[in-house]
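Below you'll find the structure, written out as structure tokens, and then a few comments.
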Amino acid sequence: DRERRNLGAGSVGDVLWVRHATAVGERVLLWNVGQAAVDVDRLDLPFSLPAQVLLHSEGREHRRLERGEAVLLGAGS
């Protein structure tokens, strides 16, 4: 059972985000619920995004989300 103090969630425009950060790593899930494509590196988030794409809902490795797509970014172990 993970502790909730390491979790954060919110939204920026039409993108929902969930962030889990610890001393050994970080994961950020982004989901575009809007109608337009989004470049995740241009989002005004309250934290920096991890560099690595761990999983994309459409199997891609880029950081652009079309309508309905999601991406899991990560750093550390």
Exercise. Would you indicate whether the side-chain heavy atoms of Arg19 and Glu26 approach each other to under 4.5 Å?
Key: yes
Quiz item: Under 4.5 Å between any side-chain heavy atoms of Trp31 and Val15, yes or no?
Solution: no
Self-check item: Side-chain heavy atoms of Leu49 within contact of Val40, under 4.5 Å
Solution: yes
Practice problem: Identify the two heavy atoms, one from Val28 and one from Pro50, that lie closest to each other, and give their separation to 0.1 Å. | Solution: CG2-CD, 3.7 Å
Self-check item: ring pair (Phe, Tyr, Trp, His ring centres under 6.0 Å) contacts touching residues 58-77 (sequence neighbours left out)
Solution: His56-His62
Quiz prompt | Transitive ILVMFWY side-chain link Val53 to Leu43, under 4.5 Å | solution = yes
Self-check item: Close side-chain approach of Arg27 to Leu73, heavy-atom, < 4.5 Å
Solution: no
Quiz item: Do any pairs count as a salt bridge (Lys or Arg N to Asp or Glu O under 4.0 Å) and have a residue in residues 32-41, sequence neighbours left out, and if so which ones?
Solution: Asp39-Arg42, Asp41-Arg63
Quiz item: Do Leu55 and Leu30 sit in the same hydrophobic cluster, where Ile, Leu, Val, Met, Phe, Trp and Tyr count as joined when their side-chain heavy atoms come under 4.5 Å apart?
Solution: no
Quiz item: Is the count of non-hydrogen atoms from other residues, nucleotides or ligands lying under 6.0 Å from Arg67 atom CZ greater than 12?
Solution: no
Quiz prompt | ILVMFWY cluster, Trp17 and Leu7 together (side-chain gap under 4.5 Å) | solution = no
Self-check item: Ion pair Glu66/Arg64, N-O distance below 4.0 Å
Solution: yes
Exercise. Check whether Val71 and Val12 end up in the same hydrophobic cluster, where Ile, Leu, Val, Met, Phe, Trp and Tyr are linked by side-chain heavy atoms less than 4.5 Å apart.
Key: yes
